[in-house]
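The sequence lines fix the lettering, A, B, ..., with proteins before strands; numbering per chain opens at 1.
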Amino acid sequence: MDTKKIALSSIVIVSFLGYSFYVKAEGINQMPALAPVGNNNRQAMMNSIPTNTPTVTLFPSATPSPTSAGSSIVSTPTAVLPTSIPTPTPKPNSQYKDGTYTGSVADAFYGNIQVQATISGGKISNIQFLQAPNDRGTSIYINSQADPMLAQEAIQAQSANVNIVSGATDSSQAFMQSLQAALDQAKS
Amino acid sequence: MKQTRLMMGMPITVEIVNCKVKLFHFQEIFNYFQYIDDTFSTYKENSEISKINRGLLTKSQYSRDMQTILDLAERTRQDTQGYFDIHRGDKIDPSGIVKGWAIYQAALSLKQKGFTDYYVDAGGDIQVSGLNSHHQPWIVGIRNPFNREEIVKVVSLKGKGIATSGTYIRGAHIYNPQDKTDNLAEVISFTVIGPNVYEADRFATAAFAMGKKGIEFIEKLSGFEGYMIDKKSIATMTSKFSEYVVKSVEESEKKDLKSIQ
């Protein structure tokens, strides 16, 4: 009878512990929210960079506690990227050797951009941002509802017949520079 | 004549409408931006700002431009209810105010040389002056933050500054610490038109940091108009923003039809 009780309660305890580790691990995995939401490739890549830390390594908050027994469930978070990242060559199958390559540090005024490209099966399978700036480096605080009195509209494409274009500072040049340096290593 | 250089990781473009303009006029502007980068880049070990952050300079040793920028940054902090703040722990990073100020200074230097019709554009923040080569006000497009090939709004500017603050690094990973379900990355792009690019830039930066209430902040500022795009591709604009808008051909046709009826 006693052994039965012990066995039963240990099952309960073990499953509870297991569940809480699972929940914890899920929570940790959700925090960086890495799934890209953009429909455009480059946009999607950019989505996976944290905006709050200008030069720090990626996803510092997502590091799982090494002491946690459930840590085996927690996979190291990496930037999840669409598989259709444009590669500089139309025939990527044989040009790049598998491996992980670190690109050069490219200056983008608000910070440096540095990427690490992983090649598997001759294709780019992953790009991680080792360094990434955010636009103007200003902290982001609490928001609230916009004034309902102000006019709103769904954005739509207009005539491109303009003299100048205003937009957020584009660091794509620095991104391409760092990526190219990584891919050059993969070629050799 | 129009010249572009890739500097500080972004394209810097200057157009001057004047038959007497020479290449060296452009070179002087690009040299100025190089000086700005060398002085204010926190990523350059030997820049003045880096030396300040390493405690190598005392206040009396700061250059005049550095003192100006730090004063302007403090004024902006007060003007924006503290949303604009260059302090990062014990370090300072004024890059959020330097660019707009530098563009404006570059534009003023062209004015001092007697030019009247020109623009200076650094990474999408722009000061315009006078008229374009077709003798019309400068026509500025606001880029679609979801598709950089596309323009979503067209404005016509005379002697104004326009700046867009935004993030190409969007994502759902920034949270309000008080409410984890409140996603702060709601606002994707925030464009401000102001009396000059320095003013437009500093308030675009602050308004962007305020999230959705940034547009109310701009609405209350006299002399400023704003166009905010959120993650659902909905734009919210201040009440007089439409005075700058150049209507597309289709929209004008609709209006014409209505007026005929």
Do Ile155(A) and Phe146(B) have side chains that approach each other closer than 4.5 Å (heavy atoms only, starting at C-beta)? yes
Set out, in order, the CA-CA distance, both residues' side-chain angles and the distance that settles side-chain contact (heavy atoms from CB on, under 4.5 Å) for Ile139(B) and Asn161(A), then state yes or no. CA-CA 8 Å; Ile139(B) 305 297; Asn161(A) 191 16; over 6 Å; no
Segment of Ser233(B) engaging chain A (4.5 angstrom heavy-atom cut-off): both
Of all the heavy-atom pairs spanning Ser165(B) and Ala168(A), show the shortest one and how long it is. C-CB, 4.4 Å
What is the distance from atom CD1 of Ile164(A) to atom CG of Leu157(B), rounded to the nearest 0.5 Å? 7.5 Å
One should read off an interatomic distance between Asn163(A) CG and Asp121(B) CG, to the nearest 0.5 angstrom, of 11.0 Å
Of the non-hydrogen atoms in Arg143(B) and Gly167(A), which two are nearest, and what is the gap between them? CB-CA, 4.3 Å
Picking from Val245(B), Ile142(B), Val154(B), Val246(B), what satisfies side-chain contact (heavy atoms from CB on, under 4.5 Å) with Gln158(A)? Val154(B)
Criterion side-chain contact (heavy atoms from CB on, under 4.5 Å) on Val162(A) and Trp138(B), from CA distance to verdict: CA-CA 8 Å; Val162(A) 297; Trp138(B) 293 99; over 6 Å; no
Would you say that Val165(A) contacts Val140(B) through its side chain, given a criterion of any heavy-atom pair below 4.5 Å between the two side chains? no
Can you tell if the side chain of Glu153(A) reaches within under 4.5 Å of the side chain of Ile234(B), non-hydrogen atoms only? no
Can you confirm whether the side chains of Ser166(A) and Thr191(B) place a donor and an acceptor under 3.5 Å from each other? no
Of the backbone (N, CA, C, O) and the side chain (C-beta and beyond), which part of Pro137(B) lies under 4.5 Å from a heavy atom of chain A, both, or neither? backbone
With only heavy atoms counted, which part of Val155(B) is less than 4.5 Å from chain A, the side chain, the backbone, both or neither? neither
Is any side-chain heavy atom of Leu150(A) less than 4.5 Å from a side-chain heavy atom of Ile215(B)? yes
Mark yes when over 12 heavy atoms from residues, nucleotides or ligands other than Lys158(B) sit less than 6.0 Å from its NZ; otherwise mark no. no
Chain A contact via Phe190(B) - which portion, at a heavy-atom distance below 4.5 Å: neither
